[in-house]
Trainee: 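This is the structure I have questions about; it appears just below.
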Amino acid sequence: MQHSGAAGARSYTLFSLLGVLFQGVHIVLSLEIKVDAHVRGYVGEQVKLKCIFKSTSSVTDKLTIDWTYRPPSSSRTESIFHYQSFQYPTTAGTFRDRISWVGDVYKGDASISISNPTIKDNGTFSCAVKNPPDVHHNIPMTELIVTERGFGTMLSSVALLSILVFIPSTVVVVLLLVRMVRKSVGLKKRSKSGYKKSSIEVSDDTDQEEEDNCMARLCVRCAECLDSDYEETY
């Protein structure tokens, strides 16, 4: 009885050691994959489905990536993209010719994009990565919600454009008007009080009038030159 008990203890110890070793291997040979749980897209605008993975092994030509799609309220899954050294987007189904590879396996990126998405593309997408001997991992899922761009989104874009363009212009115009009003009020006060301009102010006004006359004559001369050139072409 004692012999059999000792044998049983040794067997239990060996099994425990194997369990620890197996658990250790399982932890080492694992992949960490991260995706966005929810992605919002707009009809007709390209949308990206991000998938980032981290492997304990170096990337080799044995690495595979598989994206699948499951429609809402359905258990049916559809393969839409496969990668192993080369890209193999689906050639059938609703995603035909609309899946593009935007990832880089050497940077741990297994992302794809969907062009011209529609509301019918709503559903759950799964990203599965295997990089032997790292093959054990959970398969994360992304829920895609495609909608039409609403009036509120367009309004926010217009508001942003107004802030960046129209408001600064309005401020400049207001400042110029305020300056003109102040100058007009000052001139009225001077005229009512019988204020006489000094010789310097008179000289400044004369110079300003001469500059205005010169600019007017220059504009007339330029117009005459343009008219003469126009006539010579004929």
Side-chain angles (χ1 to χ4, degrees), residues 26-165:
H26 178 72
I27 294 174
V28 172
L29 302 181
S30 63
L31 281 165
E32 180 183 358
I33 302 177
K34 294 182 179 179
V35 301
D36 294 327
H38 302 279
V39 173
R40 178 173 293 277
Y42 297 98
V43 173
E45 300 181 18
Q46 189 174 42
V47 61
K48 179 179 179 180
L49 301 180
K50 185 186 295 184
C51 179
I52 305 299
F53 68 91
K54 185 177 181 181
S55 174
T56 57
S57 301
S58 301
V59 172
T60 67
D61 57 0
K62 294 181 180 179
L63 179 141
T64 61
I65 299 170
D66 288 284
W67 278 91
T68 57
Y69 165 72
R70 178 170 56 83
S73 305
S74 175
S75 59
R76 179 181 59 86
T77 59
E78 174 186 351
S79 177
I80 62 172
F81 183 85
H82 176 75
Y83 177 95
Q84 185 172 8
S85 299
F86 296 97
Q87 309 161 23
Y88 300 98
T90 182
T91 57
T94 58
F95 293 97
R96 178 182 177 182
D97 300 328
R98 295 198 295 128
I99 303 296
S100 300
W101 170 251
V102 293
D104 185 343
V105 295
Y106 296 102
K107 294 182 180 180
D109 191 348
S111 305
I112 60 173
S113 67
I114 304 174
S115 60
N116 298 318
T118 66
I119 296 177
K120 294 181 179 180
D121 295 335
N122 288 343
T124 303
F125 295 79
S126 301
C127 175
V129 181
K130 293 182 179 180
N131 184 36
D134 288 2
V135 294
H136 299 284
H137 64 83
N138 61 326
I139 300 178
M141 299 181 181
T142 298
E143 182 182 3
L144 175 64
I145 302 175
V146 180
T147 59
E148 293 277 0
R149 276 197 178 274
F151 177 75
T153 304
M154 297 173 62
L155 185 62
S156 62
S157 300
V158 172
L160 180 60
L161 181 63
S162 300
I163 292 174
L164 296 177
V165 178

Trainee: Measuring from atom CD of Glu143 to atom CZ of Arg40, what distance do you get when rounded to the nearest 0.5 angstrom?
Mentor: 10.0 Å

Trainee: Quick one: are Trp67 and Ile99 in side-chain contact, heavy atoms under 4.5 Å?
Mentor: no

Trainee: Let me see the working for Phe53 and Asn131 under side chain to side chain contact (heavy atoms under 4.5 Å, CB included), right down to the final yes or no.
Mentor: CA-CA 10 Å; Phe53 68 91; Asn131 184 36; 5.6 Å; no

Trainee: When rounded to the nearest 0.5 angstrom, what distance separates OG in Ser58 from CG in Asp134?
Mentor: 9.5 Å

Trainee: Please step through side chain to side chain contact (heavy atoms under 4.5 Å, CB included) for the pair Val43 and Ile119, ending with a clear verdict.
Mentor: CA-CA 7 Å; Val43 173; Ile119 296 177; 4.1 Å; yes

Trainee: So, does Arg98 use its side chain to make a donor-acceptor pair with the main chain of Asn116 at under 3.5 Å?
Mentor: yes

Trainee: Which distance, rounded to the nearest 0.5 Å, do you find between the NE2 of His82 and the OG1 of Thr90?
Mentor: 12.5 Å

Trainee: Which heavy atom of Ala92 sits nearest a heavy atom of Glu78, and at what distance?
Mentor: O-OE2, 4.1 Å

Trainee: Could you give the distance from CD1 (Ile65) to CD (Gln84), rounded to the nearest 0.5 Å?
Mentor: 10.0 Å

Trainee: Within the side chain of Asp36, is there an N or O that forms a donor-acceptor pair under 3.5 Å with the backbone of Lys50?
Mentor: no

Trainee: Determine whether Lys34 and Pro140 make a side-chain contact, defined as any pair of heavy atoms from C-beta on separated by less than 4.5 Å.
Mentor: no

Trainee: Identify the heavy atoms of Val129 and Cys51 that sit nearest to each other, and give their distance.
Mentor: CG2-SG, 4.4 Å

Trainee: Side chain to side chain contact (heavy atoms under 4.5 Å, CB included), that's the test. Do Thr68 and Ile139 meet it? Break it down for me.
Mentor: CA-CA 11 Å; Thr68 57; Ile139 300 178; over 6 Å; no

Trainee: Where do Ile52 and Asp109 land on the side chain to side chain contact (heavy atoms under 4.5 Å, CB included) test, with the steps shown first?
Mentor: CA-CA 5 Å; Ile52 305 299; Asp109 191 348; 3.8 Å; yes

Trainee: Find the distance between CZ (Arg70) and OG1 (Thr77) and round it off to the nearest 0.5 Å.
Mentor: 8.5 Å

Trainee: What pair of heavy atoms forms the shortest contact from Gly41 to Leu144, and how long is it?
Mentor: N-CD1, 4.3 Å

Trainee: What pair of heavy atoms forms the shortest contact from Val59 to Val105, and how long is it?
Mentor: CG2-O, 3.6 Å

Trainee: Identify the two heavy atoms, one from Cys127 and one from Ile33, that lie closest to each other, and give their separation to 0.1 Å.
Mentor: O-CD1, 4.2 Å

Trainee: Looking only at non-hydrogen atoms, find the nearest pair between Trp101 and Gln87 and report the distance.
Mentor: CD1-NE2, 3.1 Å

Trainee: Classify the angle between the aromatic ring planes of Phe95 and Tyr69 as parallel (below 30°), tilted (30 to 60°) or perpendicular (above 60°).
Mentor: perpendicular

Trainee: What's the separation between atom CD in Glu45 and atom CD1 in Ile114, rounded to the nearest 0.5 Å?
Mentor: 14.0 Å

Trainee: Would you call the rings of Tyr83 and Phe81 parallel, tilted or perpendicular, where under 30° means parallel and over 60° means perpendicular?
Mentor: parallel

Trainee: Is there a side-chain contact between Lys120 and Thr94 in this structure, where contact means two heavy atoms from C-beta onward sitting under 4.5 Å apart?
Mentor: no

Trainee: Is there a donor in the side chain of Asp61 and an acceptor in the side chain of Ser85, or the other way round, less than 3.5 Å apart?
Mentor: no

